[in-house]
Amino acid sequence: MDTSLAHEHHDADAQDDGYDFHRIQEKWLPIWDELKPFASSDPADKRPRKYVLDMFPYPSGDLHMGHAEAFALGDISTRYWRQQGFNVLHPIGWDSFGLPAENAAIKRGIDPREWTYANIAQQKESFKRYAVSFDWDRELHTSDPEYYKWNQWLFLKMYEKGLAYRKDSWVNWDPVDQTVLANEQVLPDGTSDRSGAVVVKKKLTQWYFKITDYADRLLDDLNQLEGAWPAKVLAMQRNWIGRSQGADVDFEIEGHSEKVTVFTTRPDTLYGATFMVVAPDSDLAADLAAESTPAAQKAFKAYLELVQKSTEIERQDDSREKTGIPLDRFAINPATGEHIPIWAADYVLADYGHGAVMAVPAHDQRDLDFARKFNLPVKVVVDTNAPVTGAIPVLDLDENGVAILPDDLPPLDPAATGKPLLGEGRMINSGPLDGLSKSNAIKKIVEQLEAAGTGRASKTYRLRDWLISRQRFWGTPIPIIHGEDGALIPVPLDQLPIVLPPTAGLDLQPKGQSPLAAATDWVNVPNPIDGTPARRDPDTMDTFVDSSWYFLRFLNPSDDERAFDPALADKWAPVDQYVGGVEHAILHLLYARFITKVLFDLGYVSFTEPFSALMNQGMVLSGGAKMSKSKGGVNLGDELDLFGVDAIRITMAFAGPPEDSFNWEDASPAGSGKFLARAWRLANDVTSKPEIEWKTGDPELRRQTHRLLADGPGLFEAFKFNVVVARIMELVNATRKVIDSGAGPGDAAVREATEVIAVALSLFAPYTAEDMWEKLGYQPTVALAGWRKPDPTLLIEDSVVAVVQVDGKVRDKFTVNPKISADELEKLARESSAVIRTLGDREIANVIVRAPRLVNIATR
RNA sequence: GCCGGUGUGGCGGAAUGGCAGACGCGGAGCACUCAAAAUGCUUUGCUCGAAAGGGCGUGUGGGUUCGAGUCCCACCACCGGCACCA
C-alpha cells in the first residue's frame with residue numbers, strides 16, 4: 001500500500017495552495033475567541049437590536065447530528081442579521097436539571113453535578129469548534145443556584161397570586177420503583193419505561209400551576225402568531241387547549257342535598273337525556289355510592305378497583321366494550337322532570353368538565369353504545385329527516401330520478417341501528433323546543449335554564465392544570481415550609497435560594513418520595529413564623545419551569561438582584577426569532593407563553609407573547625428513522641473530523657428546506673467540501689488589490705454578483721437557505737469561468753464576486769469565509785463585513801429571453817431588448833418560423849402579449 | 001374519528017399563475033496522468049426518431065384561465081398531532 005504513502009506526501013507538498021480545513025479551523029478558532037466579535041452587551045452599541053434564540057440544549061453527552069442541524073440553521077439567521085448591521089443577541093445556556101443526570105448519578109454512584117457539568121464543558125467546546133456565533137458572556141445553567149433561585153422567586157410570586165396550589169390527584173404510579181411517573185414515562189403498553197412494571201393510578205397531593213385560568217388568553221393570543229409560527233404548531237396548541245362551547249346544566253339528585261352539574265355541548269338535546277354517567281374515579285361518584293344501598297356500594301368498590309387496574313392503553317382502545325355499574329341513585333332531568341338513573345362508567349373522565357355527563361343516547365355514539373349494552377332507554381329529540389333552513393338534508397333520488405319521499409327515509413331508531421342521529425334537524429319530543437333548529441334550540445334552552453337558575457352557557461377545556469411536583473433530587477427545591485400543624489409557609493424572599501444539599505449520604509434511588517425528604521439536616525428547619533419545628537417541601541419542580549422564562553434571564557444572567565431587568569426586557573424582548581424542534585410544539589412553548597402572561601400580569605414585562613417568530617427545524621434521519629445512539633447512528637464528531645465543520649454546516653443548510661427532515665444518506669458532505677474548496681481557490685487565485693475599481697470588471701459577472709446581493713436578503717428572511725447556497729454555487733462557478741477562460745484572475749469583477757462570496761459564505765462556512773477574507777487582503781472578521789447594497793444599475797437587464805407559446809406550449813424563444821413594445825414583440829412572434837410551422841392553417845383566436853417575456857397565441 | 005401538513009427525474013430538492021426539473025448528489029463520456037487520486041470539461045426527465053423534429057410529463061379525476069406544479073372542487077396515498085374530551 002505504498003500508494004497511500006505517496007498520496008500523503010503529495011498532499012503535504014500541495015499544502016500551500018490547497019484547501020485544508022484542519023489548518024483553517026485551527027488558525028481561526030483562537031483568533032475569534034480573542035476578538036469576541038459576537039458580544040452584545042455594550043450599552044454604547046448604536047446598532048438596532050435583534051434577539052435570536054436557539055432552544056437551549058440538555059447536557060446529555062456530547063453534541064449530536066440533531067444539534068448540528070438546529071444550531072447551524074439558527075446560526076445562519078443570526079449571522080445574517082449581523083451582516084445586515086444588527087446587534088444580535090444570540091445567547092447559549094444549558095437546561096441542566098433533569099432525570100438523565102440523576103439516573104447517571106445513581107448508576108455510577110456520583111453526584112449529578114459531576115456528570116452534568118462535565119457534559120456541559122464538552123458541549124461548550126464542541127459548540128466553539130462548530131463555530132456557532134454565541135455571545136459567550138451570557139452563558140447560564142439552570143442547575144446553578146444563581147439561576148434556580150429565580151424559579152423559586154417565580155413560584156412564590158405565583159403562590160401569592162393563587163396561581164400555585166396543592167391538590168390531591170391521580171398520578172401514574174410505578175409499584176416497583178415506588179415513584180410517580182410522568183405521562184411520557186409510561187410506555188404505550190401501560191408499563192413503566194424503567195422498571196417494566198404495570199403502572200397504576202395513585203392519589204397524591206401535588207403542586208400545580210393554574211394554567212387553566214389562562215386558557216382563553218393562551219388560545220386567543222395564538223391569532224397574533226398566525227404566519228409567524230408554523231401552522232402546525234398553532235393547530236397543535238389550539239387542539240391541546242381544546243376549548244368547547246356549551247352549557248352547564250344542574251340536575252337535582254334524589255336524596256342528595258347538592259345538585260350535580262354536567263357540561264354539555266348539546267343542551268338542545270336535554271329532553272333526550274335518559275340517564276346520567278359519572279366518572280368512577282371522581283369524588284362525586286364516591287359520594288353518591290356512599291349514600292347508596294350496600295349492594296351498590298359493593299359493586300361500585302369492585303368496579304373502581306377494576307378501573308384503576310386498567311392501563312391507559314386498555315382505556316384508549318376504542319374497540320373495547322363499554323363498562324359501568326348502576327349506582328342505584330336517580331337524577332331529575334330539569335327539563336322533563338323525569339327521574340333518570342345514575343351510572344358510573346369509565347368512559348366519563350373525572351378531570352374533564354365536571355366528571356359527569358347527561359347521556360343522550362339517541363344523539364351521541366358513546367351514550368348509545370352504553371345504552372344498548374345496558375338496556376337503557378333511547379329517546380329521539382331531533383328529527384334529522386326534517387329539513388332545516390341552511391342545512392337541508394340531502395334527499396337520495398330513486399332510479400327514476402325522483403326524490404325519495406320522507407316516508408321512505410330511514411326510521412329514526414338509533415336504538416335498533418346502533419347509529420346515533422348526529423345531523424341537523426328539527427327538535428321533537430322536546431316541549432317548547434319542538435320545531436326549532438339546533439342553534440335556535442340551544443339559544444332557547446340556555447335562556448330557559450338561566451331564567452330558572454338551573455343552567456348557564458359555559459365552556460370547558462381539554463387543558464389541565466400543570467402538575468409541577470417531582471419526587472426527585474435534581475431539580476429546583478419548592479420554596480415552601482410545612483408547619484407542624486400542616487400550614488404552608490412560603491420561604492421569605494431574602495432566604496432564597498433554597499440550595500440543594502450535597503448528595504453525600506443521600507440515596508437517590510426512587511422510593512416514592514423525594515430523596516430530599518431523607519436529607520434531615522436540610523429538610524428540618526425552624527418555622528420562619530414562630531420557630532417551631534417544621535419541614536421543607538421535599539419535592540422539586542418540573543424542569544419545564546426552568547425553561548419557561550430562561551429567555552429573560554439571558555438579558556443579564558449575573559443579575560443577583562432580580563430574575564431579569566424589566567428595562568433590558570423592554571430593549572431586547574420578546575425573542576424575534578426562536579429556533580428549535582417541533583417536539584416542543586406543545587408543552588415547552590405553552591408553558592413559556594403562560595409564564596410570560598403571568599409576568600405581564602405581575603407588571604414585569606410589557607408583552608404577552610415570548611416568541612414573535614418560530615422556526616421548527618426538521619430532524620436528521622438515518623434510514624428514515626430518527627438517529628439514536630442505540631441504533632449506532634452517525635456520530636457528529638466523526639463527520640466533523642472527516643469533512644470539517646464548514647462542510648457539515650453547509651450540508652445541513654443545503655439539504656432542503658430547514659423545516660423538513662432529511663436522511664443523512666441523501667446528503668453529500670463530500671460534495672459540500674468540494675464546493676468549499678472551489679470557493680476558497682477563487683480567493684487564492686485573485687491577483688488584484690482591494691483598491692481596484694469595480695467598474696472595470698466583467699459586466700456579466702458583476703450583474704450576477706449584484707443579483708445575489710439583491711436576492712439574498714429575501715431568501716434568508718424566508719429561510720430558503722438551501723436556495724441561497726445554490727445561488728452562491730452558481731456565482732462560484734461563474735467566477736471560475738471568468739478566471740479560467742474569461743478576463744482572468746486580475747479582473748475587478750472576479751475580486752468583487754469573490755468578496756461577495758466570502759461574505760455570503762460567512763453565514764454558512766465561517767472558517768472558509770474568514771480564510772478567504774484574509775487572502776483577499778482584509779482583517780478579520782468577515783462575519784461583520786456587512787452585506788453590501790446591490791448597484792441598481794447592474795440589476796437592469798440589457799437583454800431578456802422572450803418565449804413564444806402556441807396554446808400554452810413553448811414553440812420558440814428569442815433574445816430581445818427588455819424595453820421592446822408589445823406590438824413589436826407580437827410581430828416578431830408571428831414571424832417566427834417555428835410558430836408558423838406549428839400554427840399551420842389553424843385559426844388564431846387570441847394573442848396574449850406580456851412584453852418583454854412572453855407571447856401566447858391561442859388557436860380555435 | 002377530528003385537526004394540520006406533504007405528494008415534482010435514479011436521489012435531495014428549485015420554480016411572484018408565464019421556458020418544469022435551478023443547484024447538488026449519483027450515472028455516462030472525455031482531458032490531464034505511466035497509472036491513480038485530485039481537478040477541469042461535456043452529458044444526463046421519459047419516450048419516438050439516424051437526424052431535424054415530435055409526443056408525454058409535477059399523486060388521481062374534474063374545474064377556472066390565453067396559460068396551472070402553483071388557484072378552486074372531489075378523491076387517493078403518506079407523515080405528524082389529538083382522541084371514550086360529553
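Just so it is clear, the values below take in all heavy atoms, side chains as well, and ignore hydrogens, waters and symmetry mates. Quick note on labels: first sequence line is chain A, next is B, and so on, each numbered from 1. Remember, it's a predicted structure, so these values are computed and weren't measured experimentally.
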| ring pair (Phe, Tyr, Trp, His ring centres under 6.0 Å) with A:W664: which residues, sequence neighbours excluded? | none
| remark: From CZ of A:R243 across to C1' of B:C82 the rounded distance in Å is 18 Å
| message | Any salt bridge linking A:R850 with A:E826? Criterion: basic side-chain nitrogen under 4.0 Å from a carboxylate oxygen. | response | no
| request: Write down the distance separating the P atoms in B:C79 and B:G27, rounded off to the nearest Å. | output: 30 Å
| How does protein reach along nucleotides 40-70 of chain B, written 5' to 3' as B (base within reach of a heavy atom under 4.0 Å), S (only sugar-phosphate), or - (no contact)? | S------------SSSS---------BS---
| remark: Value for CG (A:L288) from CH2 (A:W343), rounded to nearest 0.5 Å, stands at 15.0 Å
| field | Side-chain N or O of A:Y347 closer than 4.0 Å to phosphate OP1/OP2 of B:A86 | value | no
| said: Show me the pairs that pass salt bridge (Lys or Arg N to Asp or Glu O under 4.0 Å) and involve residues 260-277 of chain A, at least two apart or across chains. | reply: A:R266-A:D268
| When the distance from CZ of A:F814 to C1' of B:C19 is rounded to whole Å, what number comes out? | 13 Å
| Judged by modelled atom types alone, do A:Y347 and A:D369 share a side-chain donor-acceptor pair under 3.5 Å? | no
| request: Just call it for A:R462: base, sugar-phosphate, or nothing, with non-hydrogen atoms closer than 4.0 Å on any strand. | output: base
| request: Whole angstrom is fine here: how far is it from CZ in A:R320 over to P in B:A83? | output: 16 Å
| remark: By salt bridge (Lys or Arg N to Asp or Glu O under 4.0 Å), A:D250 pairs with (sequence neighbours left out) A:R456
| remark: Separation of B:G81 atom P from A:L222 atom CG, nearest Å, is 19 Å
| said: Rounding to an integer number of Å, can you tell me how far A:H584 NE2 sits from B:G81 P? | reply: 14 Å
For residues 710-724 of chain A, please give each side-chain donor-acceptor pair under 3.5 Å, one per line with the distance, not counting sequence neighbours.
unit_1, atom_1, unit_2, atom_2, d
A:D711, OD2, A:R727, NH1, 3.0
A:D711, OD2, A:R727, NH2, 2.9
A:E717, OE2, A:Y80, OH, 2.4

| task | Sticking with atom P, work out how far B:U60 lies from B:U70, rounded to a whole angstrom. | result | 11 Å
| Residue-level proximity of residues 721-731 of chain A to RNA chain B when a heavy atom falls under 4.0 Å | A:N722, A:V723, A:A726, A:M729, A:E730
| When the distance from CG of A:L708 to P of B:C23 is rounded to whole Å, what number comes out? | 14 Å
| query | Under the salt bridge (Lys or Arg N to Asp or Glu O under 4.0 Å) test, which residues partner A:R464, sequence neighbours left out? | reply | A:D351
| request: Check side chain to side chain donor-acceptor pair (under 3.5 Å) between A:K232 and all other residues, then give those that pass, not counting sequence neighbours. | output: none
| field | Distance between P atoms of B:G80 and B:C19 (Å, rounded) | value | 35 Å
| request: Could you list by number each residue of residues 654-666 of chain A showing a heavy-atom separation from RNA chain B of less than 4.0 Å, or answer none if no residue does? | output: A:F654, A:A655, A:P657, A:D666
| task | Specify the glycosidic conformation (syn or anti) of B:G9, with syn defined as within 90° of 0. | result | syn
| query | Which whole number of Å gives the distance between the C1' atom of B:G40 and that of B:U58? | reply | 34 Å
| Among all residues two or more places apart in sequence or in another chain, which pass the side chain to side chain donor-acceptor pair (under 3.5 Å) test with A:T454? | none
| Just how far, in rounded Å, is P of B:C2 from CG of A:L422? | 11 Å
| task | Pick the C1' atom in B:U16 and in B:A52, then give their distance to the nearest Å. | result | 37 Å
| request: Look at all strands and tell whether A:K813 reaches a base, only sugar-phosphate, or nothing, counting heavy atoms closer than 4.0 Å. | output: base
| query | How far, in whole Å, is B:G1 from B:G10 if one measures between their P atoms? | reply | 34 Å
| query | Who pairs with A:R462 by salt bridge (Lys or Arg N to Asp or Glu O under 4.0 Å), at least two apart in sequence or on another chain? | reply | none
| query | In whole angstrom, what separates A:L676's CG from B:C25's P? | reply | 12 Å
| note | Of A:K720 and A:A231, the one whose closest nucleotide on RNA chain B sits nearer the 5' end is A:A231
| task | Using the P atoms only, state how far B:A50 lies from B:G57, rounded to an integer number of Å. | result | 23 Å
| Does any donor atom in the side chain of A:D646 or A:T768 lie under 3.5 Å from an acceptor atom in the other side chain? | yes
| What residue pairs, at least two apart or across chains, pass salt bridge (Lys or Arg N to Asp or Glu O under 4.0 Å) with a residue in residues 657-679 of chain A? | none
| task | Scan A:S244 against the nucleic acid and name what it touches under 4.0 Å (heavy atoms): base, sugar-phosphate only, or nothing. | result | sugar-phosphate
| Atom C1', compared across B:G59 and B:A51: separation rounded to whole Å | 36 Å
